[in-house]
Amino acid sequence: MNSVAAVVVTYNRSALLLENITCLLAQSVPVDILIIDNNSTDDTREKLEPLIGDKKITYVNTGSNLGGAGGFQYGIRQAVESGYEYVWVMDDDCMPQADALSQLLKADARLAGGYGFLCSKVLWRDGSVCTMNVPRVTLTKPLKEYSGGDIPVAMASFVSLFLKASVIREVGLPIKEFFIWTDDWEFTRRISKKHPCFAVCDSVVVHKSKSNIGANIASESAERLDRFFYLYRNDVYLYRREGLKGFLYECVRLTNHFFRILLKAPDNKIKRIKIMLRGTRAGLKFRPQIEFVN
């Protein structure tokens, strides 16, 4: 068994998943691959059949759609309980360059293990920085540029996040009840409160998302609006834990989103506002339990 497990969460994106696996198998240092399938209904299982016999690849179907948060919790727990020293977390549309993992391991050596998490530089399909995966250097301030070396950060996404099993055992697992959105911000913020964390500029991955624009309730299509409940509920939970600064930041953010809907939403303005308010109210009462590895 290698010391690193790449945990890949997938759902109904077999073509992207196969490309991701190809990138992982091409890494310049060995890595085992743990695929967590959120009960895909496409041809994912059939497409993976020729690969599952490889000792480097483990396939697990969760039996139901646990969302990204549930899938990552499931996979990270399994990797740590299986005895891996390091866990490398990513979505199925993350395409690591061949030295992405080796650069993370070099940073681990440079820092002598003195960190909570490491994250890669995430580019989009066209080579520009992927806006939805820009880490934050503080609770509210995004990283402005990857200036080189190892840059201190406070929060990062699950698109190429590198963790030590010892840290996961200490701080607990991602919160599965988040379902989608903010689970990565919350998890990495929990870690950065205890340990210094870094973006490793020499570790590069490409995020093949459909667009290079983050979630926006004002521009989202009407049939996909209901899922934004999770975004607002989870964000309120995250920022209310940060005291007055977090509370004020979230108030400003919600006000901005309210006027964005009023001024820019093409339709269903009342529905969009109601979803935002419903999620906000739910976030004030949201008390999920943090689970730990056995």
Side-chain angles (χ1 to χ4, degrees), residues 9-13 15-16 38 42 65 67-72 90-95 119 121-136 139-145 155-160 177-186 188-189 205-240 246-284 286:
V9 175
T10 189
Y11 180 68
N12 283 350
R13 296 198 294 198
L16 285 167
N38 265 330
D42 65 355
N65 186 0
F72 283 119
M90 65 192 72
D91 286 315
D92 53 9
D93 57 356
C94 173
M95 310 304 165
C119 61
K121 178 180 179 179
V122 184
L123 304 179
W124 194 55
R125 294 169 179 262
D126 63 359
S128 62
V129 171
C130 193
T131 57
M132 70 183 73
N133 303 121
V134 173
R136 291 189 185 175
L139 177 67
T140 61
K141 183 181 177 182
L143 178 66
K144 290 188 176 180
E145 65 174 312
M155 299 160 71
S157 78
F158 278 155
V159 178
S160 192
E177 287 83 4
F178 273 40
F179 193 69
I180 55 171
W181 282 324
T182 318
D183 50 323
D184 44 10
W185 282 150
E186 186 282 328
T188 54
R189 178 58 177 158
V205 303
V206 175
H207 188 188
K208 289 198 169 181
S209 56
K210 290 183 179 179
S211 70
N212 196 11
I213 301 173
N216 186 341
I217 193 172
S219 60
E220 186 62 83
S221 59
E223 62 271 14
R224 291 171 59 85
L225 286 176
D226 288 338
R227 65 192 187 125
F228 277 83
F229 165 83
Y230 297 105
L231 175 66
Y232 291 102
R233 183 198 63 177
N234 299 345
D235 275 1
V236 169
Y237 170 82
L238 169 64
Y239 292 109
R240 69 176 169 79
F247 173 78
L248 292 175
Y249 173 78
E250 183 63 5
C251 286
V252 171
R253 179 175 171 276
L254 289 169
T255 301
N256 176 271
H257 285 207
F258 177 82
F259 283 105
R260 185 188 299 171
I261 293 170
L262 285 181
L263 298 174
K264 296 184 178 181
D267 53 34
N268 293 282
K269 292 185 179 183
I270 298 300
K271 180 179 180 180
R272 295 171 198 267
I273 290 171
K274 284 183 176 180
I275 290 171
M276 186 182 77
L277 294 177
R278 184 163 59 91
T280 299
R281 287 195 300 269
L284 295 173
F286 193 36

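These numbers come from a predicted model, not from an experiment.
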> Which pair of non-hydrogen atoms, one from K271 and one from L225, has the smallest distance, and what is that distance?
Replying inline: CD-CD1, 4.2 Å

> So how far is it from E220 CD to D226 CG, rounded to the nearest 0.5 Å?
Replying inline: 11.0 Å

>> Consider ring pair (Phe, Tyr, Trp, His ring centres under 6.0 Å). Of F179, Y237, F229, which one does F286 pass it with?
In response: Y237

> Looking at CD1 of I273 and CG of L262, how far apart are the two atoms once the value is rounded to the nearest 0.5 Å?
Replying inline: 4.5 Å

> Does R189 offer a backbone N or O that forms a donor-acceptor pair with the side chain of R136 under 3.5 Å?
Replying inline: no

> Between CE of M90 and CG of N133, what distance do you get to the nearest 0.5 Å?
Replying inline: 12.0 Å

> Ion pair present between E250 and R253, side-chain N to carboxylate O less than 4.0 angstrom?
Replying inline: yes

> Could you state the interatomic distance from CD1 (I275) to OH (Y230), rounded to the nearest 0.5 Å?
Replying inline: 11.5 Å

>> More than 12 heavy atoms of other residues, nucleotides or ligands under 6.0 Å from CD1 of I213: yes or no?
In response: no

>> Determine whether a donor-acceptor pair (N or O, by modelled atom type, separation under 3.5 Å) exists between the side chain of R272 and the backbone of D267.
In response: yes

>> Under a 3.5 Å threshold, yes or no: a donor from one side chain and an acceptor from the other, between N212 and T131?
In response: yes

> Taking atom CG of L284 as the centre, does the number of heavy atoms from other residues, nucleotides or ligands within less than 6.0 Å exceed 12?
Replying inline: yes

> Is a donor on one side and an acceptor on the other found under 3.5 Å between the side chain of N234 and the backbone of I180?
Replying inline: yes

> Who pairs with Y249 by ring-ring contact (aromatic ring centres under 6.0 Å, His included), at least two apart in sequence or on another chain?
Replying inline: Y239

>> Test your reading of the model: is there a side-chain donor-acceptor pair from T188 to the backbone of A156, 3.5 Å cut-off?
In response: yes

>> Show the nearest heavy-atom pair for residues V134 and W185, with the distance to one decimal.
In response: O-CH2, 3.5 Å

>> If I compare all heavy atoms of W181 with all of L231, which pair ends up nearest, and what's the gap?
In response: CE3-CB, 3.3 Å

>> Working note: L16 + M95, criterion side-chain contact (heavy atoms from CB on, under 4.5 Å); need CA distance, chi angles, decisive distance, verdict.
In response: CA-CA 9 Å; L16 285 167; M95 310 304 165; 3.9 Å; yes

> If you look at every heavy atom in A222 and N268, which pair is closest and at what distance?
Replying inline: CB-ND2, 3.5 Å

>> If I compare all heavy atoms of Y232 with all of H257, which pair ends up nearest, and what's the gap?
In response: OH-ND1, 2.7 Å

> So, the side chain of D91 versus the backbone of V159: is there a donor-acceptor pair under 3.5 Å, distance only?
Replying inline: no

> Hey, does L277 have a side-chain heavy atom less than 4.5 Å from the side chain of L254?
Replying inline: no

> Heavy-atom count around K269 NZ within 6.0 Å, excluding the residue itself: above 12?
Replying inline: yes

> Nearest 0.5 Å, what's the NE2-CE distance between H207 and M132?
Replying inline: 6.0 Å

> Of all residues at least two apart in sequence or in a different chain, which pass the salt bridge (Lys or Arg N to Asp or Glu O under 4.0 Å) check with D126?
Replying inline: none

> If we ignore angles and hydrogens, is there a donor and acceptor under 3.5 Å between the side chains of D93 and S209?
Replying inline: no

>> If I take atom OH from residue Y11 and atom CG from residue N65, how far apart are they, to the nearest 0.5 angstrom?
In response: 5.0 Å

>> Looking at every heavy atom in both R240 and G283, which two are closest together, and how far apart are they?
In response: NE-O, 2.9 Å

> So K264 and N216, side-chain contact (heavy atoms from CB on, under 4.5 Å) or not? Walk me through it.
Replying inline: CA-CA 11 Å; K264 296 184 178 181; N216 186 341; over 6 Å; no

>> So, using salt bridge (Lys or Arg N to Asp or Glu O under 4.0 Å) as the criterion, who are the partners of R233 when residues are at least two apart?
In response: none

>> For S157 and D184: C-alpha separation, side-chain torsions, deciding distance, then whether side chain to side chain donor-acceptor pair (under 3.5 Å) applies.
In response: CA-CA 5 Å; S157 78; D184 44 10; 4.7 Å; no

